[in-house]
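Written below as structure tokens is the structure these notes are about.
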Protein chains: 2
Amino acid sequence: MLNKHSTHCPIAFGLNIFGDRWTLLILRDILFQDKKYYNEFLHSEEEISTNILADRLEQLEAQRILKKSPDPLNRKRFTYAPTTKGLDLIPVILAIVRWSGKHDPETAAPRPFLRKLEKPANAIERDIRRKFSLRT
Amino acid sequence: MLNKHSTHCPIAFGLNIFGDRWTLLILRDILFQDKKYYNEFLHSEEEISTNILADRLEQLEAQRILKKSPDPLNRKRFTYAPTTKGLDLIPVILAIVRWSGKHDPETAAPRPFLRKLEKPANAIERDIRRKFSLRT
DNA sequence: CTGGATCCCAATAGATACTG
DNA sequence: CAGTATCTATTGGGATCCAG
């Protein structure tokens, strides 16, 4: 953790919230992979462990980046959906994707995950926002 | 660390390199604050500790995001400058700054650090790139 | 001296087993 | 299903140390 005093730097502020190896992967699942359940996040390719997933979901909810709600179809399940603050992270994720697309020999080639990223960034963002405004 | 197997996801790829609380702060110092020495990074507001700074500089050099060179003015010192791969992280940092500007009550107000960010993103990026191409 | 790195130890993150 | 508990590994703070 950064030294207690909050630093008044916008980069430090952001990194204090999502500057780790897992948080943005959960957002990726939600925003780009249409996942919304704890178990779906658990079984993503990177295999996050249960305590980390629980912790990050809690942080994200506390930061009001995600909203946790009981699943109407199954009272035992919860769904996680992005808030406006969460949707506003789309450009951060897209900037990372573009950087990796340029500098990672593995991801530079077209991949399933990247198909929807062939559109311009603002079209991608608009589509995702539309999806969540329709079903929330 | 993400589970050993590299995941072929561009977001995971990026996060494996700069998904922590310190790496992008060093890049910030270099790209936006004109810092280039170990000691300058050490004394930034967030007070990174010496072992972390040494480790991150090593990682960044190993990833060819920074280039370490002997300082021509002082044989004992080293300077760190961004490579093209490092300059390509400017949009990631700017996306984080924009998100924080919108969602952090502290950084939303204009601040010294943010002055140069009042220009459009591509003008900011162009200016920084120009600065480094002139002096490398 | 002084810039940079290493070492020791505490704190935090993470993997796996287990539980309400 | 969705976590907690426990144990291990990694990160980080601060002192110290080494090279020039």
Side-chain angles (χ1 to χ4, degrees), chain A residues 1-7 9 11-12 15-27 29-30 35-63 66-81, chain B residues 1-7 9 11-12 15-27 29-30 35-63 66-81:
Chain A
M1 174 118 59
L2 294 182
N3 271 340
K4 24 255 126 204
H5 50 74
S6 82
T7 70
C9 165
I11 301 168
L15 292 174
N16 265 330
I17 294 173
F18 52 78
D20 71 273
R21 285 186 182 72
W22 295 107
T23 301
L24 290 180
L25 292 178
I26 297 171
L27 265 299
D29 285 352
I30 294 176
K35 297 184 181 176
K36 48 182 182 297
Y37 298 116
Y38 179 101
N39 266 296
E40 291 179 304
F41 309 139
L42 246 199
H43 297 115
S44 286
E45 190 182 8
E46 294 86 4
E47 315 226 42
I48 190 171
S49 43
T50 59
N51 58 343
I52 303 302
L53 177 57
D55 176 77
R56 295 304 187 274
L57 288 173
E58 189 180 356
Q59 300 301 326
L60 286 167
E61 201 197 358
Q63 292 290 338
L66 296 182
K67 174 84 188 312
K68 178 182 187 176
S69 323
D71 184 8
L73 304 174
N74 176 348
R75 288 351 237 2
K76 287 203 278 192
R77 290 186 123 188
F78 296 93
T79 64
Y80 294 87
Chain B
M1 175 117 63
L2 293 182
N3 270 341
K4 25 254 125 209
H5 50 73
S6 83
T7 71
C9 166
I11 301 167
L15 292 175
N16 265 329
I17 294 173
F18 52 77
D20 71 273
R21 286 185 181 74
W22 297 106
T23 300
L24 290 181
L25 292 179
I26 296 171
L27 264 300
D29 284 352
I30 294 176
K35 297 184 181 176
K36 49 181 180 300
Y37 298 116
Y38 181 101
N39 268 294
E40 292 179 304
F41 309 139
L42 248 199
H43 296 114
S44 286
E45 190 182 10
E46 294 85 5
E47 314 227 42
I48 190 171
S49 45
T50 59
N51 59 343
I52 304 302
L53 177 57
D55 176 78
R56 295 305 188 274
L57 288 173
E58 189 180 358
Q59 300 300 324
L60 286 168
E61 201 196 355
Q63 292 290 338
L66 296 183
K67 174 84 187 314
K68 177 182 186 175
S69 323
D71 184 7
L73 304 174
N74 176 344
R75 292 346 240 358
K76 286 203 281 194
R77 293 186 120 186
F78 296 94
T79 64
Y80 294 87

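As the structure is a prediction and not an experimental result, all values here were calculated from the model. In what follows, every chain begins at residue 1, and chains take the letters A, B, ... in the order their sequences are listed.
- When rounded to the nearest whole Å, the span between CG of A:L42 and P of D:dC1 equals 10 Å.
- Across the protein-nucleic acid pair, B:I48 atom CD1 and C:dG3 atom C1' stand 16 Å apart, rounded to whole Å.
- For the OP1/OP2 pair of D:dA2 and a distance below 4.0 Å, the side-chain nitrogens and oxygens of A:N39 include at least one atom meeting the criterion.
- Residue A:W22 places none of its side-chain N or O atoms closer than 4.0 Å to OP1 or OP2 of C:dA13.
- Protein atom CD1 of B:I52 is 18 Å distant from nucleotide atom P of C:dG4, rounded to whole Å.
- Straight-line distance from the CD atom of A:Q59 to the P atom of C:dT12: 13 Å, rounded to whole Å.
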Just the table, please: protein N/O against nucleotides 5-7 of chain C N/O, every pair under 3.5 Å.
residue	atom	partner	partner atom	Å
C:dA5	OP1	B:K68	NZ	3.2
C:dA5	N7	B:Y38	OH	3.1
C:dT6	O4	B:T50	OG1	2.4

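- More than 12 heavy atoms of other shown residues, nucleotides or ligands fall within 6.0 angstrom of atom CD in A:E40.
- Computed from coordinates, the A:E58 CD to D:dT4 C1' distance equals 12 Å when rounded to whole Å.
- Residues satisfying the side chain to side chain contact (heavy atoms under 4.5 Å, CB included) criterion with B:D29, sequence neighbours excluded, are B:Q33, B:K35, B:F41, B:S44.
- Counting only residues at least two apart or on different chains, no salt bridge (charged side-chain N to carboxylate O under 4.0 Å, His left out) pair has a member in residues 71-81 of chain B.
- Residues B:L53 and B:T50 have side chains not in contact (no heavy-atom distance under 4.5 Å, counting atoms from C-beta outward).
- Atom-to-atom, CD of A:E46 to C1' of C:dA13 comes out at 17 Å; the value is rounded to the nearest Å.
- Rounding to the nearest 0.5 angstrom, the gap separating the CD1 atom in B:I11 from the CD atom in A:E46 is 9.0 Å.
- In this structure, B:D20 and A:D20 have side chains that are not in contact, with every pair of non-hydrogen atoms separated by 4.5 Å or more.
- Counting to the nearest Å, the P atom of C:dC1 and the CZ atom of B:R77 are 18 Å from each other.
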Protein-nucleotides 18-20 of chain D N/O pairs closer than 3.5 Å?
residue	atom	partner	partner atom	Å
D:dG20	N2	B:K76	NZ	3.1

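- Straight-line distance from the CZ atom of B:R56 to the C1' atom of D:dG13: 13 Å, rounded to whole Å.
- A:E61 meets the side chain to side chain contact (heavy atoms under 4.5 Å, CB included) test with A:K68; sequence neighbours excluded.
- When side chains are defined from C-beta on, A:N16 counts as touching B:R21, because their heavy atoms get closer than 4.5 Å.
- Applying the side-chain hydrogen bond (donor to acceptor under 3.5 Å, both in side chains) criterion to A:N51, with sequence neighbours excluded, gives A:S49.
- Distances shorter than 4.0 Å separate some side-chain N or O of A:S49 from OP1 or OP2 on C:dA15.
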